[in-house]
Amino acid sequence: MALALVSYGPGGSLGCDLSQNHMLIGRKNLRLLGQMRRISPRFCLQERKDFTFPQEMVEGSQLQEAQAISVLHEMLQQSFNLFHTEHSSAAWDTTLLEQLRTGLHQQLDDLDACLGQVTGEEDSALGRTGPTLAVKRYFQGIHVYLQEKEYSDCAWEIVRVEMMKALSSSSSLQERLRKMGGDLNSP
């Protein structure tokens, strides 16, 4: 029933309305990432890397609804993929990891209806536009970093902290989308 309301709720020009439950799951995912900490980031200072999160591309005021939904979906999909690898299973507490995967999957399901509407109304090249492409490149950099560091505990800790920033940023965009009923150009 809740998922049906997401698709047919009031608000956005595409009829896409992110439920409060969607936002709660996002906050729970952030808490789970916080609980997944196994070592202090202080021990991993030498492993730090600036992944150059595309902040302006993700949170920019010029982002149209279709782009925002595409960016959010890409961020959640890439996050899900990152934490759904054999290497991540070896790095984290399996219970917390499974809860995170489930939460990310639930959020993806919520956005799938919106993304279907977007791709129905917009050019299918949305996934190749600036903001979405920037997110793909950002996550590619994270994957390369983990490979270079041979999936060490410190590398995963650095990535965990980075993912908290990225998911927090995506939560801000989701909240903005939800509150504005799809009008992202409002303050």
Side-chain angles (χ1 to χ4, degrees), residues 1-6 18-55 58-59 69-116 127 132 134-175 177-178:
M1 176 80 167
L3 290 177
L5 293 175
V6 169
L18 296 178
S19 69
Q20 186 63 35
N21 187 50
H22 182 86
M23 305 309 297
L24 292 172
I25 293 169
R27 286 194 282 279
K28 181 181 178 192
N29 288 343
L30 284 171
R31 278 194 308 277
L32 286 167
L33 272 172
Q35 294 170 359
M36 287 169 67
R37 183 177 119 171
R38 293 186 353 176
I39 56 177
S40 172
R42 287 190 309 241
F43 294 127
C44 302
L45 292 178
Q46 74 284 359
E47 303 289 328
R48 279 187 308 183
K49 177 176 174 58
D50 180 5
F51 294 102
T52 319
F53 180 74
Q55 190 96 20
V58 172
E59 295 182 358
I69 292 167
S70 180
V71 165
L72 287 173
H73 192 275
E74 189 65 33
M75 286 189 69
L76 291 169
Q77 185 65 58
Q78 292 285 343
S79 299
F80 180 81
N81 294 347
L82 181 66
F83 288 108
H84 210 276
T85 64
E86 185 178 320
H87 295 291
S88 70
S89 295
W92 305 112
D93 172 279
T94 54
T95 303
L96 293 175
L97 181 61
E98 196 52 44
Q99 289 175 2
L100 177 64
R101 288 173 179 168
T102 300
L104 290 169
H105 191 267
Q106 287 174 325
Q107 286 189 295
L108 279 167
D109 280 351
D110 281 353
L111 277 175
D112 275 344
C114 297
L115 191 64
T132 305
V135 169
K136 287 179 182 181
R137 287 183 179 143
Y138 167 73
F139 276 94
Q140 183 60 37
I142 290 172
H143 284 285
V144 168
Y145 168 80
L146 284 167
Q147 288 173 337
E148 287 172 354
K149 297 296 181 180
E150 298 178 352
Y151 303 93
S152 71
D153 287 345
C154 269
W156 275 113
E157 179 56 23
I158 296 298
V159 167
R160 183 193 67 82
V161 171
E162 183 69 21
M163 292 312 302
M164 287 186 72
K165 291 181 210 169
L167 289 180
S168 177
S169 191
S170 74
S171 289
S172 298
L173 183 56
Q174 290 170 31
E175 183 65 26
L177 236 183
R178 191 182 73 79

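Residues L96 and M36 come closest through the heavy atom pair CB-CG, 3.8 Å. The minimum heavy-atom distance between R37 and I39, with the atom names listed, is CG-O, 3.3 Å. In plain terms, the two heavy atoms of L167 and S79 that are nearest each other are CD2-OG, 3.7 Å. Shown here for P41 and V161, the closest heavy-atom pair between the two residues is CG-CG2, 4.2 Å. Residues L100 and L32 approach most closely at N-CD1, 3.6 Å, considering heavy atoms. Between L33 and R160, the closest heavy-atom pair is O-NH1, 2.8 Å.
Proximity of a side-chain donor or acceptor of T85 to a complementary backbone N or O of N81 within less than 3.5 Å is not detected. Side chain of S169 to main chain of A166: no donor-acceptor pair is present (N/O by atom type, distance under 3.5 Å, no hydrogens or angles).
Put simply, the residue from T132, V135, L111, D110 that forms a side chain to side chain contact (heavy atoms under 4.5 Å, CB included) with H73 is L111.
Within a 6.0 Å radius of CZ in R137, no more than 12 heavy atoms belonging to other residues, nucleotides or ligands are found. Heavy atoms of other residues, nucleotides or ligands lying less than 6.0 angstrom from CZ of R38 number more than 12.
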### Message
With side chain to side chain contact (heavy atoms under 4.5 Å, CB included) as the criterion, how do S89 and L97 come out once you've worked through the C-alpha distance, each side chain's angles and the decisive distance to 0.1 Å?
### Response
CA-CA 7 Å; S89 295; L97 181 61; 4.1 Å; yes
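Between atom CD of residue E98 and atom CH2 of residue W92 there is a gap of 15.5 Å, rounded to the nearest 0.5 Å. Atom CD of Q77 is separated from atom OG of S70 by 11.5 Å, given to the nearest 0.5 angstrom. Residue H143 holds its NE2 atom at 7.5 Å from CZ of F139, rounded to the nearest 0.5 Å. The NE2 atom of H87 sits 12.0 Å away from the OG atom of S152 when rounded to the nearest 0.5 Å. Here CZ of R42 is found 11.5 Å from CD of E157. Values are rounded to the nearest 0.5 Å. Atom CD1 of residue I69 and atom CD of residue E74 lie 14.0 Å apart, to the nearest 0.5 angstrom.
Ring geometry for H105 versus F80: interplanar angle of 30 to 60°, hence tilted. The aromatic rings of Y138 and F51 lie perpendicular to each other, with more than 60° between the two planes, well past the 30° mark.
In this structure, C44 and K149 have side chains that are not in contact, with every pair of non-hydrogen atoms separated by 4.5 Å or more.
Between the side chains of E162 and Y145, no donor-acceptor pair is found at a separation under 3.5 Å.
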